[in-house]
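Here's the structure we're looking at; comments come further down.
Bear in mind the structure is a predicted one, so any value in this text is a computation, not a measurement.
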2 protein chains.
Amino acid sequence: MVMTDAIAYLGPRLKEIRSKTGLSLREIARQLKVSPSFVSQIENGKSQPSVATLYALAKLLSVPVDVLFEPAGDPVAASIKSQDIDEVDRSNFDRPTEVWDISRARISAVNPNNRSIITMDSGVSWERLAATSEESVNFMEIIYAPGAETNKSGEMIFHNGFEYGYALEGELELTIGDLVLQLSAGHSMGFDSSIPHRFRNTSSGTFRGIWFVHGCSVPHS
Amino acid sequence: MVMTDAIAYLGPRLKEIRSKTGLSLREIARQLKVSPSFVSQIENGKSQPSVATLYALAKLLSVPVDVLFEPAGDPVAASIKSQDIDEVDRSNFDRPTEVWDISRARISAVNPNNRSIITMDSGVSWERLAATSEESVNFMEIIYAPGAETNKSGEMIFHNGFEYGYALEGELELTIGDLVLQLSAGHSMGFDSSIPHRFRNTSSGTFRGIWFVHGCSVPHS
DNA sequence: GCAGATGTTCTCTACTAGTTAACACTAGGT
DNA sequence: ACCTAGTGTTAACTAGTAGAGAACATCTGC
């Protein structure tokens with residue numbers, strides 16, 4: 001068994017993640033209700049936390065516990081850039097981190113009650129359905145409130161990659177290039193995202209769909 | 001937030017997962033190199049492990065550390081013990097990969113009544129949800145009849161690329177590497193397809209799910 | 001009956017999680 | 001310069017617990 005002392009990663013990894021949040025060591029200590037010196041000792045591998053504080057630590061930094069065992073230095077790539085994002089719903093998390101996620105597992109299973117959620121301005125939100133080590137791939141459930149649209153200014157957007165969708169419930173009007181099509185429950189589609197497009201929920205009910213965006217490394221231009 | 005002492009879940013949860021593996025408490029203890037009594041104490045919440053043993057425990061049961069903090073009784077993962085997956089034979093064409101992939105449209109919309117369907121002998125079928133110009137991408141609805149499995153021989157398969165899935169209805173048991181997890185309606189997951197895997201519908205109802213297989217350009221070689 | 005599994009609950013201690021204190025820096029403000 | 005008030009680090013110490021060991025009470029199957 002490989003059995004690299006994954007707990008040895010813990011200190012550096014922790015320090016790395018903390019620094020990304022911009023929180024000071026003392027601030028962490030205060031929220032955890034432990035002494036600052038102890039946090040330092042943990043980060044430098046001079047001491048180890050108990051499971052309780054480990055868990056609290058993960059919660060505080062809003063990362064799954066597992067990522068604390070990964071070697072430091074793993075890229076923390078946000079798959080979605082912040083330009084279109086007003087607000088990150090962190091009802092389940094206490095701390096701002098990168099928009100979506102640090103984890104880079106080869107296997108990722110997501111419980112519907114425990115998804116990362118991004119809330120867009122106009123009644124649009126995305127819930128991440130899986131987080132694998134693949135970059136430029138987003139697998140998510142998208143939700144359009146009645147009247148909500150991709151871009152309230154009415155402009156079309158385009159980007160590299162392809163986009164695929166399956167409608168779970170409700171209706172969504174897709175404008176792709178000069179084509180307009182209505183996506184209703186059970187219907188599905190896919191298209192080249194470099195074609196200018198816009199979505200809008202013209203119905204009176206919420207739209208929910210499974211979405212797959214792929215090859216979208218640079219969301220704009 | 002609920003913020004119940006999630007570490008309180010740890011004991012029962014651990015017991016639950018262990019029982020699923022069929023491993024005895026003493027066997028666990030032996031492999032962890034701790035005393036059986038201590039494992040018992042942990043499971044009954046009378047004591048707590050150190051981070052090191054916690055991590056070793058998760059590794060041993062081949063579950064991500066996080067699931068040990070989930071309340072016992074449900075969510076995601078069960079597991080089996082770590083046997084080496086030595087040799088996997090990818091016999092007949094079992095993957096959706098190169099089956100389709102002829103189309104060249106930049107936009108593709110599919111009506112549920114009008115899908116291309118491939119039916120496998122063993123109660124498994126795939127319905128194409130979109131057909132764009134992208135090669136090595138398959139977006140489909142998969143259907144597993146009760147008792148159906150990926151490969152009736154029980155062998156695992158693997159191939160390049162990644163695979164993502166969302167469960168619409170029913171239950172599907174996924175075996176990915178040495179990890180076994182149950183996918184039920186609303187749950188989702190993704191994984192590196194190069195990990196040997198097998199799916200099986202162990203329930204009495206039909207399973208339906210949205211599936212996305214991608215990057216599987218060279219399924220064999 | 002015995003031999004071998006299983007999990008549980010005591011008692012006990014070596015060790016460590018976590019503290020307090022003082023340490024050495026920075027950057028600003030007066 | 002001389003203060004704060006912030007940052008992280010390291011010693012010395014200790015109260016508490018991680019974990020061991022043994023004896024316990026089951027169940028099998030022979």
Side-chain angles (χ1 to χ4, degrees), chain A residues 1 3 5-61 63 65-66 68-69 72-73 94-97, chain B residues 3-61 63 65-66 68-69 72-73 78-81:
Chain A
M1 167 98 56
M3 216 52 234
D5 244 4
I7 59 165
Y9 296 150
L10 203 151
R13 180 62 166 176
L14 177 57
K15 191 174 218 158
E16 177 192 42
I17 294 178
R18 177 178 63 80
S19 71
K20 280 203 179 96
T21 72
L23 292 169
S24 79
L25 176 152
R26 281 179 148 89
E27 177 63 20
I28 295 278
R30 226 198 52 223
Q31 297 205 36
L32 280 186
K33 291 201 267 274
V34 299
S35 67
S37 71
F38 187 47
V39 176
S40 172
Q41 288 170 39
I42 293 172
E43 288 190 351
N44 296 6
K46 311 236 176 197
S47 188
Q48 285 183 6
S50 68
V51 279
T53 57
L54 176 78
Y55 183 79
L57 213 31
K59 263 280 191 287
L60 181 63
L61 298 169
V63 293
V65 180
D66 292 273
L68 295 179
F69 291 108
D94 330 289
R95 279 285 135 203
T97 18
Chain B
M3 214 50 230
T4 40
D5 252 1
I7 59 166
Y9 296 150
L10 203 151
R13 179 62 164 175
L14 178 57
K15 192 173 219 159
E16 177 193 43
I17 294 178
R18 179 177 62 80
S19 70
K20 281 203 181 100
T21 73
L23 291 169
S24 79
L25 176 152
R26 280 179 148 87
E27 177 63 19
I28 294 277
R30 225 199 53 225
Q31 296 205 37
L32 280 186
K33 291 201 266 271
V34 298
S35 67
S37 71
F38 187 48
V39 177
S40 173
Q41 288 168 41
I42 293 173
E43 289 189 351
N44 297 3
K46 312 237 176 198
S47 189
Q48 285 183 5
S50 68
V51 279
T53 57
L54 176 77
Y55 183 81
L57 211 32
K59 262 282 190 288
L60 180 63
L61 298 169
V63 294
V65 180
D66 291 274
L68 295 179
F69 291 108
S79 66
I80 47 174
K81 77 158 90 156

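The distance from atom CG of B:L32 to atom NZ of B:K59, rounded to the nearest 0.5 Å, is 13.0 Å. Here B:L14 contributes atom CG and B:L25 contributes atom CG; the two are 9.0 Å apart, rounded to the nearest 0.5 Å.
Stem analysis of DNA chain C (at least three stacked-register Watson-Crick or G-U pairs, each with both distances under 3.5 Å) gives C:1-22 with D:9-30, C:25-30 with D:1-6.
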Verdict with reasoning, A:L68 to B:V65, per side-chain contact (heavy atoms from CB on, under 4.5 Å): CA-CA 10 Å; A:L68 295 179; B:V65 180; over 6 Å; no

Would A:N44 and A:K15 count as a side-chain contact (heavy atoms from CB on, under 4.5 Å) if you check the C-alpha gap in whole Å, the side-chain angles of each, and the deciding distance to 0.1 Å? CA-CA 8 Å; A:N44 296 6; A:K15 191 174 218 158; 3.2 Å; yes

Please report the C-alpha distance between A:I28 and A:V34 in whole Å, then the side-chain angles of each, then the deciding distance to 0.1 Å, and finally whether the side-chain contact (heavy atoms from CB on, under 4.5 Å) criterion is met. CA-CA 9 Å; A:I28 295 278; A:V34 299; over 6 Å; no

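Following rounding to the nearest Å, B:I28 (CD1) and D:dG19 (P) show an atom-to-atom distance of 15 Å. Protein atom CD of B:Q48 is 17 Å distant from nucleotide atom P of C:dT16, rounded to whole Å. B:I42 has its CD1 atom 15 Å from the C1' atom of C:dT9, to the nearest Å.
Checking the phosphate oxygens (OP1, OP2) of C:dT20, no side-chain nitrogen or oxygen of A:S35 falls inside 4.0 Å.
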Along nucleotides 3-10 of chain D, 5' to 3', which nucleotides get a B, which get an S, and which get a -, given that the test is a protein heavy-atom distance under 4.0 Å? ----BBBB

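Closest heavy-atom contact between B:Y9 and B:F69: CD1-O, 3.1 Å. Looking at every heavy atom in both residues, B:F38 comes nearest to B:S47 through CE1-OG, 3.3 Å.
For the side-chain contact (heavy atoms from CB on, under 4.5 Å) with A:R30, the lone residue among A:R26, A:K33, A:E27 that qualifies is A:E27.
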